[in-house]
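Notes follow the structure.
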Amino acid sequence: MKSTEWMEKKISDYKRFIMTLLILISYLYIGTLISIFEYHTTVHYFLYPVIGAGLIYAFLLIKKIKKLQQILTSE
């Protein structure tokens, strides 16, 4: 029973972290739009790799959540 509770807590933590990560990524993307259209700077070139890495990490965590949920349903 403890292993199931531990996994459920881990899944909820991952979900919260993914939501926080996606909010951060959206703020960074808005920052790139502001830097392009308002200030006409090249800061967006530095933010695109950060946004891409964040999206890839969020996708990997979503896959990990699906694996953990499959393990929970099989038990």
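Numbers here are sequence positions counted from 1.
Using a 4.5 Å heavy-atom threshold, the side chains of Leu22 and Leu55 count as touching. Using a 4.5 Å heavy-atom threshold, the side chains of Val50 and Phe46 count as separate. Taking 4.5 Å as the limit, some side-chain heavy atom of Leu68 sits within range of a side-chain heavy atom of Tyr14.
No path of Ile, Leu, Val, Met, Phe, Trp and Tyr side chains, each step under 4.5 Å between heavy atoms, connects Leu28 with Met19, placing them in separate hydrophobic clusters. Residues Phe37 and Tyr29 share a hydrophobic cluster, clusters being chains of Ile/Leu/Val/Met/Phe/Trp/Tyr side chains in contact below 4.5 Å. When the side chains of ILVMFWY residues are joined at heavy-atom separations under 4.5 Å, either directly or via intervening members, Ile51 and Phe59 end up in two distinct hydrophobic clusters. In the hydrophobic clustering of ILVMFWY residues, with side-chain heavy atoms under 4.5 Å counting as a link, Ile25 and Ile36 come out together. Placement of Ile65 and Trp6 within a single hydrophobic cluster is found when ILVMFWY residues are connected by side-chain heavy-atom separations under 4.5 Å, directly or transitively.
Take Tyr57 and apply the side chain to side chain donor-acceptor pair (under 3.5 Å) test, not counting sequence neighbours, and it matches no residue.
Expressed to the nearest 0.5 Å, how far CG of Leu33 lies from CD of Glu38 amounts to 12.0 Å. Annotation: the span from Leu24 atom CG to Tyr27 atom OH amounts to 9.5 Å, rounded to 0.5 Å. The distance from atom CD1 of Ile62 to atom CD1 of Ile18, rounded to the nearest 0.5 Å, is 4.5 Å. Distance check, rounded to the nearest 0.5 Å: OG of Ser12 to CZ of Phe17 gives 14.0 Å.
Shown are Lys15, Lys9, Glu8; of these, the side chain to side chain contact (heavy atoms under 4.5 Å, CB included) with Ile11 is made only by Lys15.
Taking a cutoff of 4.0 Å between a charged side-chain nitrogen and a carboxylate oxygen, Asp13 and Arg16 qualify as a salt bridge.
Here salt bridge (Lys or Arg N to Asp or Glu O under 4.0 Å) pairs that include residues 40-52, with residues two or more places apart or in two chains, number zero.
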